[in-house]
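Being a predicted model, the structure only gives us computed values, none of them experimental. Basis for what follows: all heavy atoms, side chains included, without hydrogens, waters or symmetry-related copies.
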Amino acid sequence: MVEIAPSMLGANFGEMKRDAELVAPHSAYLHMDVMDGHFVPNITMGPDLVKSLRGIGKLDVHLMVTDPSNFINDFSDAGADIISVHVEANNPQKAIELIKKQNIKAGIALNPSTPASAIEPFVDSIDMILVMSVEPGYCGQSFNENTIQRVKKYRKKYPEKIIEVDGGVGPGNAAILAEAGANLLVAGSAIFGSPDPIEVILDMKKG
Ligand code: DX5
Ligand code: ZN
């Protein structure tokens with residue numbers, strides 16, 4: 001079964017709470033993309049915005065920041081249920097330890113251009129592998145097809161992990177990703193760019 005995590009980066013920032021309340025009943029998590037203008041060129045949201053959605057749905061915080069260890073406690077206090085850090089960031093192991101200390105789920109994220117083996121040193125200490133299917137930074141980019149093979153390999157090697165796929169995901173590729181072994185799909189523009197976000201979520205969940 002595949003679950004959906006709408007990327008709130010694709011929502012209307014002036015109506016974030018309304019958009020979260022609309023999608024949350026049909027979604028496993030609300031996916032929160034945190035960018036620091038350094039790890040990626042964009043700046044997006046901080047702990048206060050995450051906190052404003054606390055209680056509406058479970059919160060899946062994706063840190064695209066250079067020094068994730070500096071922010072774990074802030075996002076945990078804001079109500080994160082999962083925090084993912086990038087393998088390309090500084091000292092992912094330290095950040096993962098800080099996440100586990102907070103008794104929440106930890107994820108390791110990797111970019112499409114990063115070798116799949118880069119996550120190996122961290123896999124024993126995490127709950128989720130966040131497979132990026134675009135280079136991180138922005139909503140609305142196109143899906144990197146190599147992701148499907150990457151997900152298949154990870155699923156075979158790590159049968160117990162949550163495998164989340166993020167970037168360019170929507171009704172057109174949800175089924176093939178679910179079949180490859182993904183169990184959590186992030187979608188921003190596919191959901192919030194649609195006149196009927198719920199229909200898109202239900203369609204993607206069919207897997
Ligand atoms: C990209 C972010 C994604 C993005 C997804 O850096 O991590 O979560 O918001 O948006 P779509 O689904 O539009 O690619
Ligand atoms: Zn993301």
Task: Non-hydrogen atoms of Lys100 and Ile104 that approach each other most closely - done: NZ-O, 3.6 Å
TODO: Report the C-alpha distance between Val186 and His62 in whole Å, list the side-chain angles of each, state the deciding distance to 0.1 Å, and finish with yes or no for side-chain contact (heavy atoms from CB on, under 4.5 Å).
DONE: CA-CA 11 Å; Val186 176; His62 176 192; over 6 Å; no
Open item on the list: For a 4.5 angstrom cut-off between non-hydrogen side-chain atoms, does Met64 reach Thr44?
Closed with: no
TODO: Taking all non-hydrogen atoms of both residues into account, name the closest pair between Ser142 and Val134 and its distance.
DONE: O-CG1, 3.4 Å
Task: N-O pairing of Lys51 and Asp74 below 4.0 Å - done: no
Open item on the list: Counting C-beta onward and ignoring hydrogens, is there a side-chain heavy-atom pair between Ile119 and Tyr158 closer than 4.5 Å?
Closed with: yes
Open item on the list: With heavy-atom distances below 4.5 Å as the criterion, would you say the side chains of Ser76 and Ile99 are in contact?
Closed with: no
- [ ] Could you tell me whether the side chain of Ile72 reaches within less than 4.5 Å of the side chain of Leu63, counting heavy atoms only?
- [x] yes
Task: From Glu164 atom CD to Ile162 atom CD1, the distance as rounded to the nearest 0.5 Å - done: 8.5 Å
Open item on the list: I'd like to check Leu110 versus Arg150 (side-chain heavy atoms, cut-off strictly below 4.5 Å). Are they in contact?
Closed with: yes
Open item on the list: How close do Asp77 and Arg54 get, counting heavy atoms only, and between which atoms?
Closed with: O-NH1, 2.8 Å
- [ ] Give the minimum heavy-atom separation between Pro171 and Asp203, together with the two atoms involved.
- [x] CB-OD2, 3.5 Å
Task: Aromatic ring pairing Phe39/His86, orientation class (parallel under 30°, perpendicular over 60°, tilted between) - done: tilted
TODO: Could you tell me whether the side chain of Leu59 reaches within less than 4.5 Å of the side chain of Phe75, counting heavy atoms only?
DONE: no
TODO: Taking the side chain as every heavy atom from C-beta outward, state whether Ile83 and Gln102 have any atom pair closer than 4.5 Å.
DONE: no
Task: Greater than 12 external heavy atoms within 6.0 Å of Lys105's NZ - done: no
Open item on the list: Could you report the tightest heavy-atom contact between Phe143 and Gly168, atom names first, then the distance?
Closed with: CB-O, 3.3 Å
